[in-house]
2 protein chains.
Amino acid sequence: MSDGLRINLARLRAELEALGQIGRNPATGGLDRVSFSDVDMEGRHYVRGLMEKSGLETSMDGAANLSGVWNTGKGPVIMLGSHLDTVPDGGMLDGALGVLAALEAVRTMQEAGLAPACPIEVIATSEEEGRFGGMFGAQALAGMVTREWLETARDDGGTMLVDAMRAQGLDPQKALGAKRPEGSIAGFLELHIEQGPVLEKTGKPAGIVTGISGVFNWTIRLIGEANHSGTTPMDMRRDAFRGLAEFAGEIPALIAECGSDVSRLTIGKVSLEPNFPHTVPGRAEFTLVARDMDEAVMHALAGGARRRIAEAAARHGLYHEIEETSWLPPAPCHSSIIMALQAAAQSLGIDAPLMPSGAGHDTQVLSAIAPAGLIFVPSVGGVSHAPGEFTDWKDIETGSNLLLHAAMRLAGV
Amino acid sequence: MSDGLRINLARLRAELEALGQIGRNPATGGLDRVSFSDVDMEGRHYVRGLMEKSGLETSMDGAANLSGVWNTGKGPVIMLGSHLDTVPDGGMLDGALGVLAALEAVRTMQEAGLAPACPIEVIATSEEEGRFGGMFGAQALAGMVTREWLETARDDGGTMLVDAMRAQGLDPQKALGAKRPEGSIAGFLELHIEQGPVLEKTGKPAGIVTGISGVFNWTIRLIGEANHSGTTPMDMRRDAFRGLAEFAGEIPALIAECGSDVSRLTIGKVSLEPNFPHTVPGRAEFTLVARDMDEAVMHALAGGARRRIAEAAARHGLYHEIEETSWLPPAPCHSSIIMALQAAAQSLGIDAPLMPSGAGHDTQVLSAIAPAGLIFVPSVGGVSHAPGEFTDWKDIETGSNLLLHAAMRLAGV
């Protein structure tokens with residue numbers, strides 16, 4: 001009875017820990033498996049070996065995406081996976097969990113003698129973390145990589161992407177041929193750590209992601225007049241910081257008026273001029289990063305923020321400028337995948353709430369070419385991109401079983 | 001009839017403009033007559049010549065204070081003056097106006113054949129602007145300079161005060177002997193530009209200063225948690241900037257509750273960590289500079305600020321630290337001098353409101369050893385410490401006549 005099927009946590013854990021030794025920095029305990037490094041390729045080689053051991057048909061495409069196909073059934077594939085590269089000094093679960101849990105799900109089905117109605121493909125994407133901008137492998141699968149971008153991308157140290165790939169024996173031009181044919185992926189499922197505090201704080205073992213939030217990023221400048229703080233009375237100031245502080249104080253009201261319960265607005269960067277204790281700030285430049293799952297709500301938040309910034313500026317005699325540095329619409333997960341995940345969670349008795357993802361993942365790119373879905377497991381302390389990244393093994397087991405059973409539903413077993 | 005006596009503006013203006021050529025930077029039009037520079041000494045030499053031309057008995061004390069005494073009458077002196085040094089690229093009125101207007105007042109009395117009951121001394125103090133910390137000359141007169149300070153003071157470029165003095169042929173040790181005997185100054189009067197916007201904006205030709213505001217200077221640290229702005233919901237953040245913004249937004253209410261109409265609170269310097277657009281700020285460090293004319297009000301403001309900072313911190317789950325880097329009590333002007341200035345203003349028909357000074361002046365130091373008072377004239381645009389520093393000549397005339405008539409009252413003519 002396949003409802004009782006469970007992944008083998010001991011095996012998955014052993015492989016995660018073995019992969020977690022590849023690129024490990026002994027000084028910090030973190031992983032330095034940045035994309036197209038020797039250890040990144042070594043990690044891919046290790047996972048390819050595991051895939052082959054399970055009889056999967058393996059290949060590496062022109063973007064260094066590693067693929068292992070269980071050639072069972074017919075038609076478009078059900079694709080399961082995530083990425084294998086890490087940020088510098090990152091953790092052992094971000095990405096790797098989604099790849100190895102996908103492989104474990106396939107093995108569990110194989111061992112139970114199941115016969116899925118379609119091929120199941122385990123994918124380990126390349127360059128998700130951003131050495132060269134991020135989500136390179138997924139974008140190559142989706143046909144989003146252009147020749148011009150490919151030939152000009154560089155990392156922070158000035159190394160060209162094409163040189164980093166050639167150094168690993170890869171032909172970068174082949175990345176342009178990695179696009180999957182339309183309709184060839186019937187569904188994509190990714191298991192990933194949450195990288196936030198919600199599941200841990202609410203005591204949930206897993207979450208079903210409704211989509212990747214849309215985000216807009218503004219740089220805002222308020223321009224008043226720098227004055228002597230001793231000789232300038234409060235009512236004769238054009239204090240740029242007071243304008244900023246008033247706007248910042250209204251963010252909760254702005255969300256209450258225009259936002260939703262998943263709106264997230266952040267002022268993360270502030271610089272004042274002249275930034276001297278005894279001088280009224282003449283100029284304040286700050287960032288506003290705003291997210292929501294609904295683009296109409298994003299527009300409402302933007303409109304409300306523009307109005308409140310203008311009002312705060314007017315109250316303090318300030319000029320204001322708003323520069324929109326990016327606007328990315330939300331990438332909703334596909335309702336059919338969300339429903340498969342909910343049905344699987346219910347059958348397994350897993351309390352997995354619906355939640356947005358505020359961080360980007362391969363799912364957001366692959367949702368452009370396939371019905372896609374994402375499962376989160378809790379991040380202890382909300383930590384990720386750091387050596388201290390951790391998820392309770394029990395939660396990893398729960399999330400992996402959810403991946404398994406959702407995949408079974410999508411694959412018709 | 002001495003009520004009709006008026007200073008000679010043309011003469012005063014010609015001398016101010018001549019002094020304004022000494023140390024002038026032709027590129028900016030500003031003055032670089034920083035203390036103990038060659039041009040600072042040249043300026044003193046020029047003014048000494050003017051004093052001698054009017055029969056004053058001149059001397060330079062061990063701190064390079066230039067003194068010109070009109071030896072008329074008996075007993076303690078009435079002292080009038082200000083400083084001659086400038087900030088780098090400063091203006092022609094800050095300091096110089098108070099010295100040359102004092103000389104002009106003496107000459108006006110001389111020419112009218114008045115016989116004051118006591119000697120009148122014109123003083124041009126040294127190093128008021130702060131190359132070596134500021135108010136050096138006035139502090140030497142007040143006996144506040146210590147040997148240890150004298151021997152360790154340096155400017156920003158590392159030059160020792162003692163070396164700068166020796167380079168001008170001065171013996172720095174003699175500064176310790178510049179203290180005036182107790183009771184030897186019956187009154188001190190200074191005319192100075194406001195360096196703020198109040199007189200210009202309220203359309204007044206002069207102001208009678210009630211005293212130099214007290215000031216406290218805090219560095220405040222709010223410590224929360226840096227988190228990913230996308231994955232951390234609004235209600236799970238410990239956002240240090242939100243704590244700062246909330247406190248900053250409450251400053252008007254804090255002043256309404258604990259302050260006065262001359263309270264001035266400024267957040268001039270802010271630094272966030274990590275100060276990255278996509279990260280919730282984990283740490284905010286900022287300054288609070290607060291001024292009032294009443295030390296009890298300063299204590300009330302400090303108490304209210306402490307409570308509001310603690311409350312804002314608690315609302316956002318932040319630790320907070322408050323470091324008091326300085327606390328200077330107010331230096332009130334002497335009521336007898338304020339009354340003499342008010343009586344003189346009334347007799348001249350000058351609408352000169354009472355006002356605090358938020359900036360420091362020689363008056364604040366000399367008020368420790370003599371009844372002292374300060375007259376302000378308007379600063380166009382509130383500008384000072386810059387080449388564009390300017391006061392209408394008509395207002396200079398009004399302020400100088402106010403100085404003259406107050407001095408006449410103090411000197412019993």
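Keep in mind that what you see is a predicted model, and the values were worked out from it rather than measured. The sequence lines fix the lettering, A, B, ..., with proteins before strands; numbering per chain opens at 1.
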S.K.: Between chain A and each of B/His228, B/Arg242, B/Glu194, count heavy-atom pairs under 4.5 Å; write down the option with the most.
M.R.: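 Most heavy-atom pairs within the cutoff with chain A belong to B/His228.
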S.K.: Under 4.5 Å from any heavy atom of chain B, what part of A/Asn217 do you find: side chain, backbone, both or neither?
M.R.: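 Interface part for A/Asn217: side chain.
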S.K.: Between NE2 of B/His278 and CZ of A/Arg291, what distance do you get to the nearest 0.5 Å?
M.R.: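 The CZ atom of A/Arg291 is 6.0 Å from NE2 of B/His278, to the nearest 0.5 Å.
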S.K.: Under a 4.5 Å heavy-atom cut-off, does chain B meet the side chain of A/Pro252, its backbone, both or neither?
M.R.: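 It is the side chain, since no backbone atom gets that close.
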S.K.: For residues B/Arg264 and A/Thr231, is any side-chain donor paired with an opposing acceptor at under 3.5 Å?
M.R.: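 Checked: B/Arg264/A/Thr231 side chains show no N/O donor-acceptor pair below 3.5 Å.
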S.K.: Between atom CG of A/Leu265 and atom OG of B/Ser229, what is the distance when rounded to the nearest 0.5 Å?
M.R.: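 Result: 10.0 Å between the selected atoms.
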S.K.: When you compare the side chain of B/Arg237 with that of A/Thr266, does any pair of heavy atoms fall below 4.5 Å?
M.R.: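 The answer is yes; the side chains approach within 4.5 Å.
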S.K.: Do you know which of B/Gly249, B/Pro233, B/Gly196 has the most heavy-atom pairs with chain A at a distance under 4.5 angstrom?
M.R.: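 Option with the top pair count is B/Pro233.
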S.K.: Counting only non-hydrogen atoms closer than 4.5 Å, does B/Ser263 touch chain A with its backbone (N, CA, C, O), its side chain (CB onward), both, or neither?
M.R.: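 Contact with chain A: backbone only.
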S.K.: Considering only heavy atoms, which portion of A/Ile255 lies under 4.5 Å from any heavy atom of chain B: side chain, backbone, both, or neither?
M.R.: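 A/Ile255 touches chain B through side-chain heavy atoms alone.
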S.K.: Considering only heavy atoms, which portion of B/Ile251 lies under 4.5 Å from any heavy atom of chain A: side chain, backbone, both, or neither?
M.R.: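 Side chain only.
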S.K.: Are B/Leu244 and A/Phe241 side-chain neighbours, meaning at least one heavy-atom pair lies under 4.5 Å?
M.R.: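 When only atoms from C-beta onward are counted, A/Phe241 and B/Leu244 do touch, with a gap below 4.5 Å.
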S.K.: Find the one option among B/Gly358, B/Ala290, B/Gly230, B/Ala245 whose heavy-atom pairs under 4.5 Å with chain A are most numerous.
M.R.: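 Of the options given, most contacts go to B/Gly230.
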S.K.: Under a 4.5 Å cutoff for heavy-atom pairs, which residue among A/Pro277, A/Ala284, A/Ser213 has the most contacts with chain B?
M.R.: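 If we count pairs closer than 4.5 Å to chain B, A/Pro277 comes out on top.
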S.K.: Taking atom CG of B/Asn227 and atom CD of A/Gln195, what is their separation to the nearest 0.5 Å?
M.R.: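 That separation rounds to 12.0 Å.
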S.K.: Using a 4.5 angstrom heavy-atom cutoff, name the option from B/Val289, B/Val383, B/Asp261 with the most pairs to chain A.
M.R.: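 When all of B/Val289, B/Val383, B/Asp261 are compared, B/Val289 has the most.
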S.K.: Output the option from B/Thr279, B/Asp235, B/Asn275 having the highest count of non-hydrogen pairs under 4.5 Å with chain A.
M.R.: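 The residue among B/Thr279, B/Asp235, B/Asn275 with the greatest pair count is B/Asn275.
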S.K.: Output the residues of residues 308-321 of chain B for which the shortest heavy-atom distance to chain A is under 4.5 Å, in residue-number order; output 'none' if no such residue exists.
M.R.: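 Residues in range: none.
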S.K.: When you compare the side chain of B/Lys269 with that of A/Pro281, does any pair of heavy atoms fall below 4.5 Å?
M.R.: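 Side-chain contact under 4.5 Å: no.
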S.K.: Tell me the closest heavy-atom pair linking A/Met236 and B/Thr202, and the distance in Å.
M.R.: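 Reported closest heavy-atom pair: CE-CG2, 4.4 Å.
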S.K.: Is any side-chain heavy atom of B/Ser271 closer than 4.5 Å to a side-chain heavy atom of A/Ser271?
M.R.: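 Side chain of B/Ser271 against side chain of A/Ser271, heavy atoms only: no contact under 4.5 Å found.
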S.K.: Counting only heavy atoms closer than 4.5 Å, note whether A/Val270 contacts chain B via side chain, backbone, both or neither.
M.R.: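 For A/Val270, backbone and side chain are both near chain B.
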S.K.: Roughly how far, to the nearest 0.5 Å, is the CG atom of B/Leu272 from the CD1 atom of A/Ile267?
M.R.: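 Here the rounded value is 9.5 Å.
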